[in-house]
Amino acid sequence: MAWKQWLVGAAVGAAVVYAIRSASKPALLAPEQALALAKAALGGPRAIRGSWIQSAPERYEKNGLAYTVYRGGVCRDDGDDEFFINAYTGAIVDAKPLS
């Protein structure tokens, strides 16, 4: 009988640890939400006529720091820009013109 109680206790403990770890991880922004944030940040006085974003986050390194980002771009009449936006916070990590 004691081994059954131990087994139930171990299962409950594992479930609690799993729930705590899942709750402590920050949630990724939806790609559409990240694109809206990027367009608001990059819009400025130049009108955006098109935009795109990849739906799968990727790893991006800048200045020795690693980020989980969405890669996207905005199209304007005077040129196109590529951006990398933090998938957790929505902050623009990097933006550069496409050649």
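To the nearest 0.5 Å, atom CG of residue D80 and atom CZ of residue R49 are 6.0 Å apart.
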Any chance you could lay out the side-chain contact (heavy atoms from CB on, under 4.5 Å) test for I92 and I85, step after step, and finish with the verdict? CA-CA 4 Å; I92 302 291; I85 186 166; 4.1 Å; yes
Which is it for D94 and F83 under the side-chain contact (heavy atoms from CB on, under 4.5 Å) test, yes or no, and what are the steps along the way? CA-CA 6 Å; D94 198 6; F83 64 83; over 6 Å; no
Decide yes or no on side-chain contact (heavy atoms from CB on, under 4.5 Å) for E32 and L37, but give the supporting numbers first. CA-CA 9 Å; E32 297 81 14; L37 291 169; over 6 Å; no
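Of all heavy-atom pairs between I48 and G43, the closest is CD1-CA, 3.8 Å. The two residues R71 and W52 come nearest to each other via the heavy atoms O-CZ3, 3.6 Å. L35 and I53 make their closest contact through N-CD1, 3.9 Å (heavy atoms, listed as atom of the first residue, atom of the second, distance).
Residues passing the ring-ring contact (aromatic ring centres under 6.0 Å, His included) test with Y67, sequence neighbours excluded: none. With sequence neighbours left out, the side-chain contact (heavy atoms from CB on, under 4.5 Å) criterion links P57 to L28, T68, Y70, A87.
Checked by atom type and distance alone, the side chain of K62 pairs as donor or acceptor with a backbone atom of V93 at under 3.5 Å. With hydrogens and angles ignored, the 3.5 Å screen pairs no side-chain donor or acceptor of N63 with any backbone N or O of L65.
When each of R76, K96, K39 is checked for a salt bridge (charged side-chain N to carboxylate O under 4.0 Å, His left out) with D81, only R76 meets the rule.
Enclosure of atom CZ in R59 is not indicated, since only 12 or fewer non-hydrogen atoms of other residues, nucleotides or ligands lie within 6.0 angstrom.
Taking hydrophobic clusters as Ile, Leu, Val, Met, Phe, Trp and Tyr residues chained together by side-chain heavy-atom distances below 4.5 Å, V17 does not share a cluster with V12.
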